[in-house]
Amino acid sequence: MTDPELIEGILQRDRNAFQYLVNQYQKQVIKTAYYFLGNMEEAEDLSQEIFMEIIDSIGKFRGSAALSTWIYRITVNKSLNRVQRNKRRDIFARITGKEPSIFNHSMESNETREIIYREIRRLPENQRIAFTLHKFDDISYKEIAGIMQLSLSSVESLIHRAKINLQKKLTPYDLI
């Protein structure tokens, strides 16, 4: 199914188009959300919201970029919104002394992976987005520029600075 056929099918509320959309993009949407959230269960939950947003707003897709770029942009925005919401919850939990279970859920990975992901999440937002999309989702600099609505040189610079920052942060752990 081509992108125009998919878009038209979604606009027509065709079940086959919905299924194709999910089959085509679900793995990448969940993977991208996971790298921002650090929690697979939450990433899977968020993917549901992301697909609803895609379906509800497909009429706003202008076609100035690839459909996949538009979907990544929605995924990144929704993921960042969720990260912010979680931060507010965390602050509230620390103030009140009531920590919801979401904060007690550790990443199901080894200690090294936890350290690396923690440091990636501590990068400045634009560096974190560009680095995550490139390193974990294997997206080209050019497509990242479209997703982030930045110039190619800005994306190159963000990724370079992210690498430098991570090297500084991970050196004490002997991970570099």
Side-chain angles (χ1 to χ4, degrees), residues 3 6-7 21 24-47 49-51 53-54 57-58 60-91 102-103 106-176:
D3 283 354
L6 177 59
I7 293 165
L21 173 72
Q24 192 72 15
Y25 294 102
Q26 185 175 36
K27 190 180 281 187
Q28 285 305 112
V29 165
I30 291 172
K31 183 176 164 187
T32 301
Y34 172 76
Y35 288 121
F36 284 99
L37 301 169
N39 178 310
M40 184 57 75
E41 198 173 294
E42 192 172 7
E44 289 170 348
D45 276 350
L46 184 60
S47 75
E49 289 179 35
I50 291 166
F51 281 105
E53 175 75 21
I54 292 166
S57 62
I58 195 74
K60 297 176 187 173
F61 177 65
R62 294 184 301 261
S64 58
L67 180 62
S68 61
T69 300
W70 185 72
I71 290 170
Y72 271 111
R73 187 71 218 150
I74 290 172
T75 303
V76 168
N77 286 339
K78 287 275 194 191
S79 297
L80 291 173
N81 289 343
R82 180 67 62 93
V83 167
Q84 290 299 342
R85 191 176 89 199
N86 288 350
K87 282 182 185 177
R88 286 191 299 272
R89 258 196 233 155
D90 190 28
I91 290 168
I102 191 171
F103 298 108
S106 63
M107 288 177 53
E108 297 163 2
S109 62
N110 62 33
E111 187 176 335
T112 300
R113 178 177 269 170
E114 288 180 35
I115 291 168
I116 292 169
Y117 286 158
R118 183 184 66 227
E119 295 305 331
I120 290 170
R121 285 192 300 273
R122 289 181 177 169
L123 288 170
E125 185 174 290
N126 278 348
Q127 288 180 25
R128 184 177 69 246
I129 293 168
F131 183 83
T132 299
L133 291 174
H134 182 64
K135 292 298 180 188
F136 296 115
D137 289 333
D138 200 28
I139 297 177
S140 71
Y141 285 15
K142 182 178 179 181
E143 192 171 359
I144 293 169
I147 292 168
M148 296 182 70
Q149 300 173 340
L150 297 171
S151 69
L152 185 60
S153 62
S154 294
V155 170
E156 291 170 346
S157 177
L158 285 170
I159 293 172
H160 178 73
R161 287 195 315 263
K163 289 177 184 176
I164 290 171
N165 284 335
L166 285 172
Q167 285 175 341
K168 289 177 186 175
K169 292 177 180 188
L170 296 175
T171 298
Y173 298 104
D174 292 323
L175 298 175
I176 298 294

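Heavy-atom basis, side chains included; hydrogens, waters and symmetry copies ignored.
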*Can you sort out the partners of D3 under side chain to side chain contact (heavy atoms under 4.5 Å, CB included), two or more places apart, ordered by chain and number?*
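If we apply the side chain to side chain contact (heavy atoms under 4.5 Å, CB included) test to D3, skipping adjacent residues, the hits are Y25, L67.
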Rounded to the nearest 0.5 Å, what's the gap from [atom1] on [X] to [atom2] on [Y]? Could you check?
{"X": "I115", "Y": "E119", "atom1": "CD1", "atom2": "CD", "value": "8.0 Å"}
{"X": "Q28", "Y": "D138", "atom1": "CD", "atom2": "CG", "value": "8.5 Å"}
{"X": "L6", "Y": "I58", "atom1": "CG", "atom2": "CD1", "value": "6.5 Å"}
{"X": "R122", "Y": "L166", "atom1": "CZ", "atom2": "CG", "value": "11.5 Å"}
{"X": "E41", "Y": "L46", "atom1": "CD", "atom2": "CG", "value": "13.0 Å"}
{"X": "S47", "Y": "K27", "atom1": "OG", "atom2": "NZ", "value": "13.5 Å"}

*Please walk me through it: do L133 and Y72 pass side-chain contact (heavy atoms from CB on, under 4.5 Å)?*
CA-CA 9 Å; L133 291 174; Y72 271 111; 4.0 Å; yes
*Can you sort out the partners of F136 under ring-ring contact (aromatic ring centres under 6.0 Å, His included), two or more places apart, ordered by chain and number?*
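Result, ring-ring contact (aromatic ring centres under 6.0 Å, His included) vs F136: Y35, Y117.
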Only counting residues at least two apart or in another chain, list the ones meeting side chain to side chain donor-acceptor pair (under 3.5 Å) with [X].
{"X": "E44", "value": "none"}
{"X": "E53", "value": "none"}
{"X": "T32", "value": "D137"}

*Looking only at atom types and distance, does a side-chain atom of R128 sit under 3.5 Å from a main-chain N or O of I120, one as donor and one as acceptor?*
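No; judged by distance alone, with no hydrogens or angles, the pair does not exist.
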Please report the closest heavy-atom contact between [X] and [Y], naming both atoms and the distance.
{"X": "F36", "Y": "R121", "result": "O-CD, 3.5 Å"}
{"X": "N77", "Y": "R73", "result": "OD1-NH2, 2.7 Å"}
{"X": "I129", "Y": "M148", "result": "CG2-SD, 3.7 Å"}
{"X": "R82", "Y": "L37", "result": "CG-CD2, 3.5 Å"}
{"X": "A33", "Y": "S79", "result": "CA-OG, 3.4 Å"}

_With a 4.5 Å cut-off on side-chain heavy atoms, are W70 and I147 touching?_
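In short, these two side chains do not touch, never coming nearer than 4.5 Å.
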*Is there side-chain contact between F51 and Q26, with heavy atoms separated by less than 4.5 Å?*
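Yes, close enough: below the 4.5 Å cut-off.
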*With sequence neighbours excluded, what pairs up with E125 under the salt bridge (charged side-chain N to carboxylate O under 4.0 Å, His left out) test?*
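Scan of E125 (salt bridge (charged side-chain N to carboxylate O under 4.0 Å, His left out), adjacent residues dropped) gives none.
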*Which pairs pass side chain to side chain donor-acceptor pair (under 3.5 Å) with one or both residues in residues 141-153, sequence neighbours excluded?*
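Matches after skipping sequence neighbours: S68-E143, T69-E143, S151-S153, S151-S154.
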_Worked check of side-chain contact (heavy atoms from CB on, under 4.5 Å) between Q84 and L80_ = CA-CA 6 Å; Q84 290 299 342; L80 291 173; 5.6 Å; no
Side-chain atoms of residues 156-164: list all donor-acceptor pairs with protein atoms under 3.5 Å, sequence neighbours left out, distances to 0.1 Å.
unit_1	atom_1	unit_2	atom_2	d
S157	OG	R161	NH1	2.6

